[in-house]
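These notes are about the structure you will find just below.
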Amino acid sequence: MSQRLLLSFKGGRSTKSLPFSSFCCKLYSSRSCNEVLSNGVASRKKEKDFEHLFKSCTKIYILKCLHALLVVSGKAQSIFIGTRLGNLYAHLGDVSLSQKTFCMIENKDAYTWNSMISSYVRNGNFRESLNCLNEMLSTADVKPDFYTFPPALKACGNILDGARIHCWVSKLGLEWDVFVAASLVHMYCRFQSSNVAFKIFKNMPFRDMGCWNAMISGFCQNGNAIEALSLLNEMRLEGIKMDSVTIATVLPICAQLDDIVHGMLIHLYVIKHGLELNVFVSNALINMYARFGELRHAQKVFDDMIVRDLISWNSLIAAYEQNNVPEKALKYFHEMRVNEIQPDLLTIVSLASSTAQTKSFHCCRSVHGFILRRCWIQEDVIVCNAVVDMYAKLGFIHCSRKVFDEMPIKDVISWNSMISGYAQNGLASEAIEIYNMMKKCDDVAPNQGTWVSILPAYAHLGALREGMRTHGHVFRVALNLDIFVGTSLIDLYGKCGRLDDAMSLFYEVPRMSTVPWNAIISCHGIHGNGRVSLKLFNDMLGEGVKPDHVTFLSLLSACSHSGLVDEGKRYFHMMEQEFGIKPVLKHYGCIVDMFARAGRLETAYRFIKSMPLQPDASVWGALLGACRIHGNVELGKLASDNLFEVDPENVGYYVVLSNIYANYGKWEGVKEVRSLARDRGLKKTPGWSSIELNNKIEVFYTANQSHPQCYEIYEELSILTAKMKSLGYTPDYTFVLQDVEDDEKEQILTSHSERLAIAYGILNTPHRSPLRIYKNLRVCGDCHNVTKLISKITEREIIVRDSNRFHHFKDGVCSCGDYW
DNA sequence: TTAGGGTTAG
């Protein structure tokens, strides 16, 4: 029977794996193996005749059957058959069998050695492949040929290995083989030596597509996008057409150079030459369109693909994730699963980020669970970082911290994610704590991402001294003029009240992008220098920098803080009409704030009513805040009613409404709001102020009685109050929100946390030195007046930053001109 | 018969 099977197998159906596999199974199970061998496999005369049998081996078990037959017949040790078997095992992914088979071969020739080297490389065992090469080179009777070096060059872990192999290549005169030369080019580019690679490339007498592609991709990998494009042009001039590899290489640089026209022209070329069937090309097109935010084009490319691989799915999911369309990203993740495509680590990274965008804690837990079940948390630091980032973006910072603390390995991005997670959730002190922990780790060095995360935390707390020390670090690693780090420094100096330093830094960093402009416009804005902000905006246009939506946020907020209502209106219209930027809720919020601050509460209210978007808490919050300043109970109540609906959990709004009632002595209203907040389980955020002294940040809560210098602080404050009264100060009791007697009201005002911090600063710093205070809530009107007077009495600059803006007190006046 | 050059990331 086996004999018949073998004969039928020989008779024409041999190239199909199924008949052959069934043949093998039957053969294996039959007890007459020897008989078959003597009549079938073993009786064949030429080794070459095995070729079609080898071709049929598409599954490991089939190959094992054939191998068994060949071992029995004594043919497996022959160089041709043994090497072929070893190669087949390597192709089918069984490395250990591949290695065993090679080792069985006696008197290996170059073909066997070459096959062994490439088999190791194919399976990622680079060290072993280089050992193999060394052994081959030391074997006297074997001569390496042009098949030997390309895989070995791929295996080089450093440029020294590569240069050593280059020497052998030159010695054997193989340098000008196109495959070898392309591999050399690729190797040198991998180790950032594109100049050496280019020299080899230029000297080649003949170049095939592989060489051109190796050089172009080498330039791309080393960030030399311009050189890559000029080489592409040279290739075109020589009449060589781009192939699918060229296109997959070049598309990413179109995105890098922000050149969508070039990218679309290449897409046309792809269509014209029928290259869209290549999965690499289509994947690169999806990625290119995604970078430009052209999701419809990306989707069309994906839809038209006949064959899709994991990267195609990952690219589409990432396209939606990076362009903030999480629903679609999740939809395609689901579809991918339906199509039984197994996600990989990169899928999960996009998934985690998309889930964070949905703001659904439940979904995030599912993603975390999915990752835990696959044990990826232990295996991959990138996935862990994505989870840390996911929870942080959702505001569940304690979950981030838990994942972070349990990470087996932390890299610099893990630390950066945790620092920026805290900083972005307003927890600047915690961000600094993590940064300090990071500094103690020897195996991790801060990078650009670290500085852009930690500097805003210092800026937030007004921790100028620590910020300046970090500026020193940044300077030493030559990142001070990096556009993002430089901008963070501008922001730091600006927010710490050092506008002159911010300006000098601003003129040092590259100013081609909006980023530093936005920062400096905003810095002047929060200091009440609205006119300077407007001038900077015009300078920006003059230098040919196109403003973005953040520029207008900074600008409108500057107008709002300086009472420049007409200018604000003008720029708001200009934004859409001249620059085509559609205002989002934050822009509307600025305009409401601008009208309301200026006392035009009715206009602000009418503006809200005319908005095409549903107003959110920030819009109503702006109106409410101004109602408190301008004392409009009726509109304040209306704004609060809306706020209690859109953001019922934010205790701040209840406090402001109760303040408005209290100012007018409407104690019934106060009682009502307080009980409403209590019923909803909300507690007032305690007010606190901080001051940085001797590299330590000292925090004072309102009416703090437990500070070691408590007695001196209150003593100092009472001396100051007496001096202020002699200058005509009378306490403004409208800022006392409790229904108590006047002397108690004065006591309450005196114990406001910013005053405690100021007194502490006066007691512990040299005469006339400036004081920098940060307050977590808004500074009250009475404290504002008091700080002005203290600045005069003590001849000190006092810079107070509160949750709303900046107050720079000097010689009894505030930079905001009492307009805030 | 063994070989080179390509697409996705926190």
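Each chain gets a letter, A, B and so on, in the order its sequence line appears, and its residues count up from 1. All heavy atoms count here, side chains included; hydrogens, waters and symmetry mates do not.
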Does OP1 or OP2 of B/dA9 have a side-chain N or O of A/R291 closer than 4.0 Å? yes
Quick check on B/dT2: is either OP1 or OP2 less than 4.0 Å from any side-chain nitrogen or oxygen of A/R122? no
Do the numbers put A/R373 on top of the ring of A/F370, so that NZ or CZ is under 6.0 Å from the six-membered ring centre and no more than 45° off the axis? no
Using a cut-off of 4.0 Å on non-hydrogen atoms, how would the nucleic acid contact of A/M209 be classed: base, sugar-phosphate, or nothing? base
Check: B/dG6 base within 3.5 Å donor-acceptor of A/N283 side chain: no
Between A/H186 and B/dG4, is there a contact of a side-chain N or O with OP1 or OP2 at under 4.0 Å? no
If the condition is ring-ring contact (aromatic ring centres under 6.0 Å, His included), which residues does A/H67 pass it with, not counting sequence neighbours? A/Y89
Classify the nucleic acid contact of A/S417 as base, sugar-phosphate or nothing, counting any heavy atom under 4.0 Å across all strands shown. nothing
Measure CG/A/N213 against P/B/dT7 and give the value in whole Å, please. 11 Å
For A/F280, check side-chain contact (heavy atoms from CB on, under 4.5 Å) against everything at least two apart and list the hits. A/A248, A/N278
Using a 4.0 Å heavy-atom cut-off across all strands, classify A/F149 as base, sugar-phosphate, or nothing. nothing
Considering every strand and a 4.0 Å limit on heavy-atom distances, what is the contact class for A/R190: base, sugar-phosphate, or nothing? nothing
May I ask you to decide if the ring planes of A/W313 and A/F302 are parallel, tilted or perpendicular, using 30° and 60° as cut-offs? perpendicular
Using centres under 5.5 Å plus planes under 30 degrees as the test, is A/F179 stacked with B/dA3? no
Classify A/N416 by what it touches in the nucleic acid, base, sugar-phosphate, or nothing, heavy-atom distance under 4.0 Å. nothing
Look at all strands and tell whether A/D145 reaches a base, only sugar-phosphate, or nothing, counting heavy atoms closer than 4.0 Å. nothing
Indicate whether OP1 or OP2 belonging to B/dG5 is found under 4.0 Å from a side-chain N or O atom of A/Q221. no
Checking all strands, does A/D243 fall into the base, sugar-phosphate, or nothing category for heavy-atom contacts under 4.0 angstrom? base
Counting any heavy atom closer than 4.0 Å, what does A/N314 reach on the DNA or RNA strands: base, sugar-phosphate only, or nothing? base
Counting any heavy atom closer than 4.0 Å, what does A/C211 reach on the DNA or RNA strands: base, sugar-phosphate only, or nothing? base
For B/dG4, take OP1 and OP2 only and decide whether either is under 4.0 Å from a side-chain N or O of A/K154. yes
A/V388: which of A/S414, A/S400, A/C399 passes side chain to side chain contact (heavy atoms under 4.5 Å, CB included): A/S400
Side-chain N or O of A/S217 less than 4.0 angstrom from OP1 or OP2 on B/dG6? yes
Among the nucleotides B/dG5, B/dG6, B/dG10, which one has an atom lying closest to any side-chain atom of A/A214? B/dG5
